[in-house]
Amino acid sequence: MQRHALRADLLMLLTAMIWGSGFVAQTAGMNHIGPFLYSGLRFALGSVCLLPLLYWRSRTAPQPATRGQWYAGAAMGLALAVGINLQQFGLQFTSVTNAGFITGLYVIVVPVVGLLLGHATGTGTWLGACLAVVGMYLLSVNEHFQVAPGDWLQLAGAFVWAGHVLLVGHFASRHDVIRLAFIQFVVCAVASLMLALVFEHFDIAAIMAAAPAVAYGGMVAAALGYTLQVIAQKDAITSHAAIIFSLEAVFAAIAATLFLGEVLTPRGYVGCAVMLTGMLVAQLWPSRATPALA
């Protein structure tokens, strides 16, 4: 059991690194094509990349996907589509560093959603939430007390990502993880491409120019990253998953500095540090909370 938990933690750490670096590709892709088209193409490519695994899985476990698997994968795919497109669209109006850290607030949202579902919440969660809000203020609110429009979109996305993590954690231990990942990719790709057809135009030359970013976003960030998430959460301890996935924010900031030349003000660095502290406090603080009475 311990061995499985350790393997899950290492896979989630790798996933956080992949997701964090993926912000750079997401930004680069939108230099040529719209956000919905980029999301649709990357997850369509991610679906194709999973076909060999799906074929291998069908040979080792020949049972067809059940109706429950389809429902579970579709629910995960819809949550993924909403979250990734809020994130992608918001990246047009904020920095990669801001997007990474604000997205990471889902580590606070998860226990707060639990409170709404009737679960008592401990002191650490509230302390972590307060720290995260203070950090987000320092990071996102400028000296004129204005928040970038993209930051609001990333914050809305954080709630969706919290739902996605909860859905994956719920379904991954109940269904075949490869099939779940494939179904969610297809649903996300179809939803994103439908949005692109309505709101964006298609240009072959622009798509070709965005191909390297689409390739990284599809083959690495999507096919590898999100599949590892589903596999890891099958054996993961929930608190470990939330902590490790939140490190995506740190890797996003590192990638933005190395590849995009983004530079934060000292106030921004303090905000990042306070947010990350809040994320960790919320999960590591000893909890004496008991389930709320119905």
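- With values rounded to the nearest 0.5 angstrom, T66 atom OG1 is found 8.5 Å from R179 atom CZ.
- Under the side-chain hydrogen bond (donor to acceptor under 3.5 Å, both in side chains) criterion, S95 pairs with N98, not counting sequence neighbours.
- In this structure the side chain of E248 never reaches within 4.5 angstrom of the side chain of I18, judged on heavy atoms.
- Considering every non-hydrogen atom in both A158 and I102, the closest pair reads CB-O, 3.7 Å.
- The shortest heavy-atom contact between L138 and R267 is O-NE, 3.1 Å.
- How far CD of Q92 is from CD of Q26: 11.5 Å, rounded to the nearest 0.5 Å.
- Applying the ring-ring contact (aromatic ring centres under 6.0 Å, His included) rule to F93 yields the partners F89; only residues at least two apart in sequence or on another chain are considered.
- Proximity of F43 to L80: side-chain heavy atoms (C-beta onward) are separated by under 4.5 Å at one or more points.
- Rounding to the nearest 0.5 angstrom, the gap separating the CE atom in M30 from the OG atom in S39 is 8.5 Å.
- Side-chain atoms of W19 and T103, non-hydrogen and from C-beta on, never get closer than 4.5 Å to each other.
- Minimum interatomic distance between L153 and G90 (heavy atoms only, all atoms of both residues): CD1-CA, 3.6 Å.
- Taking hydrophobic clusters as Ile, Leu, Val, Met, Phe, Trp and Tyr residues chained together by side-chain heavy-atom distances below 4.5 Å, L11 shares a cluster with L13.
- The hydrophobic clustering, which links ILVMFWY residues whose side-chain heavy atoms are closer than 4.5 Å, places L51 and I178 together.
- In the hydrophobic cluster analysis, where Ile, Leu, Val, Met, Phe, Trp and Tyr join through side-chain heavy atoms closer than 4.5 angstrom, V165 is grouped apart from V82.
- Classified by interplanar angle (parallel below 30°, tilted 30° to 60°, perpendicular above 60°), the ring pair W161/H164 is perpendicular.
- Under the 4.5 Å side-chain criterion, counting only non-hydrogen atoms from C-beta, N85 is in contact with S192.
- No continuous path of hydrophobic side-chain contacts links M76 to L78 [ILVMFWY only; heavy atoms under 4.5 Å].
- With rounding to the nearest 0.5 angstrom, the CD1 atom of I183 is 10.5 Å from the OG atom of S47.
- Crowding of Y71 atom OH: a count of heavy atoms from other residues, nucleotides or ligands under 6.0 Å not exceeding 12.
- Without hydrogens or angle criteria, E200 side chain to F36 main chain gives a donor-acceptor distance under 3.5 Å.
- Nearest approach of A99 to F23, heavy atoms of both residues: CB-CE2, 3.9 Å.
- Taking CE of M17 as the start and CE of M12 as the end, the distance is 15.0 Å to the nearest 0.5 Å.
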Side-chain donor-acceptor contacts of residues 205-231 below 3.5 Å, not counting sequence neighbours, with atom names and distances?
{"residue": "Y216", "atom": "OH", "partner": "S21", "partner atom": "OG", "Å": "2.6"}
{"residue": "T227", "atom": "OG1", "partner": "A223", "partner atom": "O", "Å": "2.5"}
{"residue": "Q229", "atom": "NE2", "partner": "Q233", "partner atom": "OE1", "Å": "3.1"}

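- Atom OH of Y269 is surrounded by more than 12 heavy atoms from other residues, nucleotides or ligands within 6.0 Å.
- Clustering ILVMFWY residues whenever any of their side-chain heavy atoms sit less than 4.5 angstrom apart, transitively, puts L167 in the very cluster that holds F182.
- Between M194 and V198 the shortest side-chain heavy-atom distance does not fall below 4.5 Å.
- No donor-acceptor pair under 3.5 Å is formed between the side chain of E262 and the backbone N or O of T257.
- For the pair A156 and L86, the tightest heavy-atom approach, listed with the atom from each and the gap, is C-CD1, 4.1 Å.
- Residue A252 comes nearest to G100 through the heavy atom pair CB-CA, 4.0 Å, listed as atom of the first residue, atom of the second, then distance.
- Residues L41 and L45 form no side-chain contact, since every pair of their non-hydrogen atoms from C-beta on lies 4.5 Å or further apart.
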